[in-house]
Chemist: 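My questions will all concern the structure given below.
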Amino acid sequence: MTDLVYLDNASTTFPKPDCVYDVMASFYRENGVSPGRSGSDLAVAAGMMIDETRRILHKLFNNPDSDHKRLIFTSSATEATNLAIKGIACQGDHFITTEVEHNSILRPLYMLKQEGLIDYDIVPMNPETGMIDPIDIENAIKPETKMILVNHGSNVIGTIQPAEEIGQICKKHNVLYLLDASQTAGVIPVDMQKLNADIVVFAGHKSLFGPCGTGGLAVGPDVPIRSTKWGGTGIKSALRYHPDDFPQRLETGTPNILGISGLNAGVKWVLEQGIENIHNQEMKLIAQLIDGIENLEGLTLHCPGIGHDHLPVLSIAVENITPQELTTRLDVDYNVTCRSGLQCAPYLHDRIGTSPNGTLRFGVGPFNTSDHIDSAITALTNIIEEAHQRAAGAGSA
Ligand SMILES: Cc1ncc(COP(=O)(O)O)c(C=O)c1O
């Protein structure tokens, strides 16, 4: 079997930098205890590691609040959006989101609407540009609008939304602004002050190089967010009620110190390499991939406005073969791993005309090489040629 070519980095990055595996193994072996629950040296060291990770991420997102404890760890970006939406929604609130969104935002909104708590509107995406028009967002604002939720960078077509302009609109209308930076954190700057974002949601296991099971949210000042999970926090144990303090307001139970230690190492690695350097290298590989496949017969590229201001994500669809069959063949016959389907973004696929099968998505990461891309191009070329021959044979039979 040929060497693995992993091109599913938009789902989760793999491999992680060596330091992530090393730190996780040694930290958990030497300090794997519950932080904040005792004054032992081990518990203090575990608590300090978590605190340091909060500080690094708080700074990375340039949160205008001086309190780094408003950086909250969760098990995923999905858990973070759930905390934010359920912690903010009140009876009769209106939310605005977009067709670019992932189900991690769409489903909580849908479920709360089903329960009769809130209402929401979904702003269309222009299929030619892959962009949301901020004017459409502004036009959707009502007196009851509480929050606008936007996917910063598309996990399907890689476009980056005009997050700063949308932030200005939120500020003008005094509406909360949640940015889903699951795909952008660690790839391009995500600056809460510049973008005027009140909440940034991130996936620790993607381009911040933490392990699976890590994510979180950065909560800006004056965000009226309630706790939605209650229980042990290690502080104020005599209180009947769950404490209001950050981070305990939104974090309950013994934290994932193994995962957070890996995330700590991953984010430090990203900062050492430089976000811009990683992104440039990945975009070169995306350009190489496009070059190698764009003229294949029956292949449609879904990468509107591809250029530097784009994520290292590329979707394609091919005549005579489903994305599902393509990924299976790539995996089984060529050891090339990528992702097919709707990628949890059903409205976007409806808009670009790729429902119900979706697309085949490539997600490039920093450990991919030019040889990986060449292997993927060769594999794809062979599979597509065979699919066309098969279709021609079936047609003439
Ligand atoms: C844009 C976007 N939002 C949210 C998520 C959900 O991330 P997680 O799997 O960490 O919940 C993803 C994951 O693919 C994503 O791409």
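For ligands, and for the atoms within them, numbers begin at 1 and follow the listed sequence. Everything numeric in this text was worked out from a predicted model, so none of it was measured.
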Chemist: Just to be sure I read this right, does ligand 1 sit under 4.0 Å from the backbone of Ala77, its side chain, both, or neither, counting only heavy atoms?
Modeler: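 Within the 4.0 Å criterion, Ala77 contacts ligand 1 through backbone and side-chain atoms alike.
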Chemist: Just go through Asn155, Val313, Asp180 and tell me whose heavy atom is the nearest to atom 3 (N) of ligand 1.
Modeler: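 Looking at heavy atoms only, Asp180 sits closest to atom 3 (N) of ligand 1.
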Chemist: Under a 4.0 angstrom heavy-atom cut-off, which atoms of ligand 1 come close to Ser104?
Modeler: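 Close to Ser104: 3 (N), 4 (C).
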Chemist: Of the choices Thr74, Thr78, Asn151, Leu311, which has the non-hydrogen atom that lies closest to atom 11 (O) of ligand 1?
Modeler: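 Among Thr74, Thr78, Asn151, Leu311, the closest heavy atom to atom 11 (O) of ligand 1 comes from Thr78.
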Chemist: Regarding Lys113 and the six-membered ring of Tyr120, is the cationic atom NZ or CZ under 6.0 Å from the ring centre and inside 45° of its axis?
Modeler: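 Yes, a cation-pi geometry holds between Lys113 and Tyr120.
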Chemist: Please list, chain by chain and in numerical order, all residues satisfying side chain to side chain donor-acceptor pair (under 3.5 Å) with Asn256, sequence neighbours excluded.
Modeler: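 Once residues adjacent in sequence are excluded, Asn256 has no partner under the side chain to side chain donor-acceptor pair (under 3.5 Å) criterion.
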Chemist: Is there any N or O on Gly153 that sits under 3.5 Å from an N or O of ligand 1?
Modeler: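 Checking ligand 1 against Gly153, no N or O pair falls under 3.5 Å apart.
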Chemist: May I ask you to check whether Ser11 has an N/O atom sitting below 3.5 Å from an N/O atom of ligand 1?
Modeler: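 So ligand 1 has no N or O lying under 3.5 Å from an N or O of Ser11.
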Chemist: Under 4.0 Å between a Lys/Arg side-chain N and an Asp/Glu carboxylate O for Arg54 and Glu251?
Modeler: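 Between Glu251 and Arg54 there is a salt bridge, with a charged N closer than 4.0 Å to a carboxylate O.
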Chemist: So between Arg339, Gln183, Glu79, His102, whose heavy atom ends up nearest atom 5 (C) of ligand 1?
Modeler: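 The residue whose heavy atom sits nearest atom 5 (C) of ligand 1 is His102.
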Chemist: Classify the contact between Lys206 and ligand 1 as side chain, backbone, both or neither, using a heavy-atom distance cut-off of under 4.0 Å.
Modeler: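 Contact part for Lys206 vs ligand 1: side chain (C-beta onward).
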Chemist: Taking Ile148 as the fixed residue, which of Leu176, Val123, Ile141 is the one that meets the side-chain contact (heavy atoms from CB on, under 4.5 Å) rule?
Modeler: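 The side-chain contact (heavy atoms from CB on, under 4.5 Å) with Ile148 is passed solely by Ile141 among Leu176, Val123, Ile141.
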Chemist: Taking the side chain as every heavy atom from C-beta outward, state whether Ile188 and Ile160 have any atom pair closer than 4.5 Å.
Modeler: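 A side-chain contact exists here, since the closest heavy-atom pair is under 4.5 Å.
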Chemist: Just one of Leu289, Ile286, Asn9 clears the side-chain contact (heavy atoms from CB on, under 4.5 Å) bar with Pro312, so which one?
Modeler: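 Output: one option passes, namely Ile286.
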Chemist: Does Ser182 approach ligand 1 within less than 4.0 angstrom via side chain, backbone, both or neither, non-hydrogen atoms only?
Modeler: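 Looking at Ser182 and ligand 1, just side chain atoms fall under 4.0 Å.
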Chemist: Take atom CD in Glu144; do more than 12 heavy atoms of anything else shown fall under 6.0 Å from it?
Modeler: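 Enclosed: over 12 neighbouring heavy atoms sit under 6.0 Å from CD of Glu144.
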Chemist: Is there a heavy atom of Glu101 sitting under 4.0 angstrom from any atom of ligand 1?
Modeler: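 Contact absent.
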Chemist: For atom 9 (O) of ligand 1, grab the closest protein heavy atom and report residue, atom and distance to one decimal in Å.
Modeler: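 Answer for atom 9 (O) of ligand 1: His205 NE2, 3.7 Å.
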Chemist: Roughly how far, to the nearest 0.5 Å, is the CD1 atom of Ile85 from the CD1 atom of Ile118?
Modeler: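 Answer for the CD1-CD1 pair, Ile118 versus Ile85, is 7.5 Å.
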